[in-house]
Amino acid sequence: MMMLVTGGAGYIGSVATEELIKAGYDVVVYDNLTQGHRQAVHPQAVLVEAHLADRGALNSVFAKHDIQAVMHFAAHSVVSFSMHDPLLFIRENVGHAINLLEAMAAHDVKRFILSSTANVYGDPERIPIREEDGLAPGSPYGESKLMIERILHWCEVRYGLRYASLRYFNAAGASEAYGEHHDPETHLIPLLLKVALGQREHLDIYGSDYPTRDGTCVRDYIHLIDLAQAHILALEALDEGSRIYNLGNGEGFTVQEVVTTAREVTGHPIPARIAPRRSGDPATLVASSEKIRRELGWEARSPDLREIIESAWRWQQAHPEGYAE
Ligand code: UDP
């Protein structure tokens with residue numbers, strides 16, 4: 001089966017492409033390489049270097065390749081940036097998804113996997129969070145993803161689209177070949193590793209007065225390869241119906257616990273200091289992934305925070321400057 005992977009040169013899309021190719025799929029990566037990296041594109045994938053705003057380019061991809069399903073990763077994704085520029089996030093994330101869905105409808109492509117987010121729940125009513133819990137996005141980023149989820153519903157009604165919305169908690173870790181290189185980097189684990197590599201002086205811990213066990217935010221870190229495999233399981237189940245799943249490990253770690261584990265893994269003291277809260281951060285986000293376990297038999301193989309950080313550390317040491325291009 002031929003897949004289109006938007007954002008296939010990005011952090012999560014590159015590993016999803018790698019897992020798809022391992023599973024025997026053919027992959028066309030659609031990425032404009034503004035946030036993605038040429039080196040992160042699997043050598044067996046076809047790279048189409050184009051923007052999702054370019055509807056002509058999108059249509060020609062579907063005209064040229066016999067694409068049967070789409071995994072849509074390409075998006076603006078940094079929550080704190082979305083708090084500064086809500087209209088950009090909503091206009092581009094939603095607008096680009098609509099362009100993609102229109103091209104799919106025009107070419108009768110009926111399978112879609114959305115990279116969605118735990119941010120659709122905002123500050124959750126209960127922990128662990130279940131898919132049926134209240135939706136109140138915590139940021140324009142989360143709002144943009146929830147809007148796309150709703151649009152998918154109407155595409156199902158009108159075009160018979162089958163979709164899976166996968167609400168990620170904190171994607172982390174690396175495969176042997178592909179890892180995390182954002183510019184600028186804003187995520188906790190790669191920033192800790194940059195301190196360990198001597199590229200930054202210290203880590204700022206954003207807030208120590210949250211109502212959690214040590215006052216720092218609790219997050220549910222899920223290994224990138226587990227995440228990628230959940231996409232393939234969801235894709236293979238689409239013929240039985242559209243679906244929405246949380247993807248996390250069901251176990252939360254505080255920022256302080258992540259710092260301690262990173263110190264243990266790297267053997268570096270990683271200085272950290274308390275800084276003000278970052279806007280848009282809920283105190284605790286922990287998933288119930290019971291639904292995808294029950295329905296698709298998905299299991300996180302690497303639930304262990306240490307293993308996740310070890311995989312990221314191996315990749316960062318092998319690529320201290322990240323991807324060259
Ligand atoms: N965080 C932090 N310092 C940093 C980056 C992140 O304290 O330099 C915290 C952040 O407030 C959040 C957690 O680490 O509670 C995970 O943040 P990240 O940006 O990695 O992912 P997010 O939860 O925003 O998706």
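Side-chain atoms are counted along with the backbone in the values below, which use heavy atoms only and exclude waters and symmetry mates. Everything quoted here is computed from the prediction, not taken from an experiment. Read the numbers this way: they start at 1 and go in the same order the structure lists the ligands and their atoms.
For residues 171-193, the salt bridge (Lys or Arg N to Asp or Glu O under 4.0 Å) pairs, not counting sequence neighbours, are Glu176-Arg314. Every pair passing salt bridge (Lys or Arg N to Asp or Glu O under 4.0 Å) that includes a residue from residues 1-20 is listed here, sequence neighbours excluded: Glu19-Lys22.
Between Ala16 and Ala228 the shortest heavy-atom distance is CA-CB, 3.8 Å.
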List the atom pairs, donor and acceptor, that lie under 3.5 Å between side-chain atoms in residues 95-102 and the rest of the protein, sequence neighbours left out.
{"from": "His96", "atom 1": "ND1", "to": "Glu92", "atom 2": "O", "distance (Å)": "3.3"}
{"from": "Asn99", "atom 1": "ND2", "to": "Leu52", "atom 2": "O", "distance (Å)": "2.9"}
{"from": "Glu102", "atom 1": "OE1", "to": "Arg55", "atom 2": "NH2", "distance (Å)": "2.8"}

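In summary, the side chains of Arg167 and Tyr121 do present a donor paired with an acceptor at a separation below 3.5 Å, with no hydrogens or angles considered.
Between Arg278 and Asp281, at least one side-chain nitrogen of the basic residue sits less than 4.0 Å from a carboxylate oxygen of the acidic one, meeting the salt-bridge criterion.
Residue-level contacts of ligand 1 at the 4.0 Å heavy-atom threshold are Asn170, Thr186, His187, Leu188, Leu191, Leu203, Asp204, Ile205, Tyr206, Cys217, Arg219, Tyr221, Val255, Arg278, Asp281.
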